[in-house]
Amino acid sequence: MPDSTFEARLASQLGAYAQGGVRPIDRYAIAEATIAAGSRGGLGGRLGHLLWPSGTRLSPRIVLVLFALLALAVALWIVGHQHPGIPLGRIAWVKDGDVWVAQTDGGEPVKLIDDRFADFPFVHWLPDGRLAVARRGGMMIVDLASGQTRDIRDPDLNPGPANLTQWSPDGSTYAYEYGGENVAAGIRIVDVATGERREIQLAAIDRGDFVANLHWSPDGRWFMGTRNGVVLIDAATGDMRQVLRTEFTDYAWSPDSERIAYSAVSPIGARRIAVIDRQGRPVADMAVSGPGPEWGSFQNLPDLKPAWSPDGQWIAFRGTPGLTIARPDGSDRRDLVTGPVAWFEWAADSSGLSFVSTASMAADAGELDWIGLDGRDAQPLGPSGIGAYDMLGRPASRPLEPLPSPIVTPGGSLAAAEPTGIATPAPAAPAQPGASWRGLAFTTPAHDGDCVEVNVVEFTTQTRSPVADADCHASWVPPLSPDGSHVIIARYTEQSGITDPQILDLRTGARTALHIEGLVWAYWSPLGHWLAYGAGAQAGVVSADGSRHVDLTSTPSCQGSACGSWHGATWSPDERRIVVPTADRLLVGDGDATGLHPMTDPSTDLSRGYPGGYPWESWSWAPGGEQFAFERDDGIWVADAEGRNAHLLVPATYGGLSPGDWAPDGGRLLVSHADLSGAKEILVYDTAGGSMRKLADVPADDPNGVGSGPVRWSPDGRWVAIPYGGHVDLVAADGSRTIRLDHATSLAWSPDGRFLALVWGGDGSNGRIDVAAADGSGRHQVIQLDGPVIDVAWLPKG
Amino acid sequence: MVGDLSLATTIAAETVADAAAGDGAALARIVGAYHDDMARVAFVICADQDLAQDAVQAAWPQAWRKLKTLRDPERLRPWLVSVAANEARQLMRRQRRHVVVDLAVADLGSVRQDPGADPAFLDLAVALRRLSPEDRTLLALRYVADVDATEIGRVLGMSASGVRSRLSRLVARLRSELEDA
């Protein structure tokens with residue numbers, strides 16, 4: 001790293017500025033809290049972190065209660081049975097913000113929606129077998145049979161930690177309550193097929209007041225809600241009347257919509273289940289044994305959770321502990337389970353219940369079990385699957401590895417990918433690129449890493465030879481052109497910086513002086529025909545043969561200080577178009593930097609997602625240069641080359657989606673998504689079909705890891721190379737196959753797409769360059785070095 | 001060339017092993033040695049003291065869970081500040097969804113130095129505000145935490161030469177903005 005007066009001053013000022021982040025700490029308290037949080041596992045810490053707004057602290061108890069609420073998002077629906085008592089069908093649940101679906105015996109677990117930033121997603125099976133996922137800002141409908149999904153954008157939808165979304169019995173509409181300080185209370189009903197919204201005004205409610213915990217009656221005619229007890233609301237008119245004025249904790253409609261079962265706790269802790277008719281007249285009242293709540297404690301307050309059997313013949317409820325069923329009139333009471341029950345659900349045919357049994361009410365983990373109405377046939381569901389259930393979202397018996405099929409991405413599209421295993425390349429005869437390619441150019445560090453040395457290895461001799469007589473090239477100038485035909489050479493000294501920059505044609509040996517004083521940085525255009533550079537206050541482009549030189553900072557569009565040496569030009573992949581970012585806008589022009597003019601279309605103010613900030617940090621040109629993708633906080637957008645016609649390409653319910661490279665055919669876009677830990681998912685988005693599939697997970701924070709590198713398409717668009725952790729995964733673009741190439745930290749495709757150059761320099765000392773066929777087969781060593789390799793490029797013949 | 005750092009602090013490999021095994025006292029020694037470094041880096045990225053503290057708070061459990069896999073205790077400090085930097089960066093990305101944080105300038109009062117005594121200090125804060133969290137991460141890791149380009153590349157998923165190139169551009173940009181100010 002070069003030193004300079006300015007850098008020294010910058011480091012000093014940054015160091016002083018950074019002191020602003022230092023606060024007095026109690027290191028023992030932090031250590032204790034760290035071990036406690038770390039022992040709880042990832043979700044606790046992360047969820048706690050998500051729940052702690054800046055500068056505020058919630059008690060761990062509240063966080064645990066919220067954990068429990070999240071766990072209670074488990075939705076079970078049993079659509080049949082394999083043999084008496086054992087339900088089949090599918091189970092959906094939420095874990096750590098992700099939505100999972102599996103067979104009820106725990107088989108075939110699939111992570112359906114991967115959305116760690118989602119705010120309490122909730123799942124609900126519709127009568128036709130589709131799965132509805134309610135999230136903040138919208139509802140997603142997933143048809144597991146066809147793989148089709150549909151997003152219903154609903155900015156006001158916010159299920160919150162207690163899922164306040166209600167579904168009509170036929171699954172055609174959902175509803176939620178709204179209201180607040182400035183909005184009169186009402187119920188909003190959304191048609192799933194059309195997205196049409198209808199609102200029922202609750203005229204009897206004062207502004208600022210509200211009705212909570214809506215429950216839609218099975219016949220669709222009524223809403224039940226809580227406001228000073230229980231109220232009944234006509235779903236057509238909004239007329240409301242009070243049907244219960246007692247304290248209660250939970251309630252449920254009977255299947256015929258004629259009765260309501262509710263649970264209640266008296267002020268002295270007595271618990272009971274009661275049934276009333278729709279007019280509020282009492283039908284039954286059942287005392288529930290067991291201890292009442294401890295004052296001031298959340299721990300012993302499990303809801304009794306009354307639930308009608310689908311045939312209306314039974315009411316099931318939890319005890320403290322236990323699971324009990326009784327007839328709606330209170331007769332024929334049966335204690336089916338005596339131990340603690342965290343969750344239960346009726347089978348669709350009313351033949352029994354599936355439930356989560358726990359060792360204690362405060363236990364983290366439990367099992368998913370089944371029991372019939374006579375208390376027999378009790379058995380665990382899927383001992384090898386999700387039969388182990390964890391209130392904190394951690395599978396207790398075996399990890400639930402996500403399967404790649406099917407996956408619904410944050411954008412809401414579903415791709416039916418085939419399962420991808422990791423394969424190693426089949427043995428094959430050594431790849432022989434020598435017939436088409438002269439060799440490889442590569443750079444190695446010199447002078448303690450302050451400089452680089454540029455070398456060539458010929459395939460015929462496999463010997464290393466330096467390509468220039470310069471002693472030391474600036475290490476921060478990536479010197480090799482993408483096609484390996486040219487290299488930037490320059491001299492560097494601490495006293496003088498970079499001097500005498502030249503472009504060397506590796507094919508002919510010709511040198512072209514750049515005549516750039518004070519060069520700071522430079523990089524090549526995608527095809528290697530141009531070089532962008534910054535020098536002092538100047539930024540410019542120069543052709544590889546030196547024949548054209550454009551000082552971008554002096555173009556009329558730059559208007560003085562708006563352009564500076566930090567603003568490098570960016571070419572479209574075909575080099576036909578160029579974009580120059582300035583301090584406050586983008587200039588666009590032809591690839592030779594002529595015709596530059598600002599993108600000024602006010603209808604597509606592309607910087608609005610980042611007011612006062614950094615509008616153009618993450619963007620990617622499509623191959624033809626007609627459009628480019630860029631990142632905003634609501635997803636990945638696409639605009640044409642003039643900045644017009646911007647539209648949302650990949651919506652995200654959270655930030656963190658970044659556009660990567662476009663496929664050579666322009667029809668697919670790599671997308672990366674970083675999660676809370678810094679781990680990344682690599683996804684590929686089909687711009688024509690609107691679907692997206694996950695190609696790979698790239699872990700983060702490996703303290704011994706070699707790190708990850710840029711993710712690139714193969715020139716033929718068939719493969720995506722993903723370097724991380726000391727290997728390169730070659731993933732077929734259709735997700736059908738993954739080949740792992742060990743001992744490789746980076747990779748360079750030959751421009752014809754037939755061969756790979758694999759660089760291994762992960763341990764920092766023993767660099768090696770191998771070549772292989774495009775699928776990794778036929779790999780063999782080209783050269784072994786006594787130091788790391790920084791960069792490699794293919795050298796054409798002739 | 002770096003700012004005020006606890007570079008001289010060293011933690012024995014046994015302490016790291018003990019901390020990884022759940023020894024609170026050992027972990028407290030590590031916290032005492034490196035928490036401030038993590039907070040400094042996080043503050044440059046977040047430009048908000050509360051957010052920086054949140055980031056470091058979230059970083060510790062993550063780091064502790066992986067501590068037992070750390071083979072080279074020499075890398076403890078750069079690794080810890082990298083974890084904090086990643087947390088800060090992710091926190092800023094999430095924060096961007098809801099509100100654009102009014103960076104730096106409003107927080108100058110929390111900085112121990114008197115900003116009025118050095119106008120360049122205010123200029124620096126304003127210049128930092130114009131950078132993306134990723135660029136602030138680069139600057140913080142390099143110039144506040146003295147992490148080398150290879151290590152930074154591991155954190156940000158870039159090559160070492162890419163880190164150097166981007167840093168050079170950043171320095172050029174800051175030089176232009178600060179010297180023109």
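Chain letters run A, B, ... following the sequence lines, proteins first, then strands; residues in each count from 1.
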Report task. Looking only at non-hydrogen atoms, find the nearest pair between A/V22 and B/Q49 and report the distance. Result -> O-NE2, 3.9 Å
Report task. Identify which part of B/L139 has an atom lying under 4.5 Å from any heavy atom of chain A, answering side chain, backbone, both or neither. Result -> both
Report summary line: Taken to the nearest 0.5 Å, the spacing of B/L174 CG from A/R9 CZ works out to 11.0 Å
Query raised in the report: Is any side-chain heavy atom of B/R136 less than 4.5 Å from a side-chain heavy atom of A/L14?
Result: no
Report summary line: Closest non-hydrogen contact found for A/G21 with B/A39 is O-CB, 3.2 Å
Report task. Examine distances only and state if a side-chain atom of B/Q57 and a backbone atom of A/I30 form a donor-acceptor pair shorter than 3.5 Å. Result -> no
Query raised in the report: Considering all heavy atoms of both residues, which atom of B/V144 and which atom of A/A18 are nearest to each other, and what is their separation?
Result: CG1-CB, 3.8 Å
Requested in this report: Locate the shortest heavy-atom distance separating B/F43 from A/Y17; write the atom from each residue and the value.
Outcome: CE2-O, 3.2 Å
Query - Distance in Å, A/I25 CD1 paired with B/Q53 CD, rounded so as to fall on 0.5 Å steps - result: 8.5 Å
Query raised in the report: If you look at every heavy atom in A/A31 and B/A28, which pair is closest and at what distance?
Result: CB-N, 3.6 Å
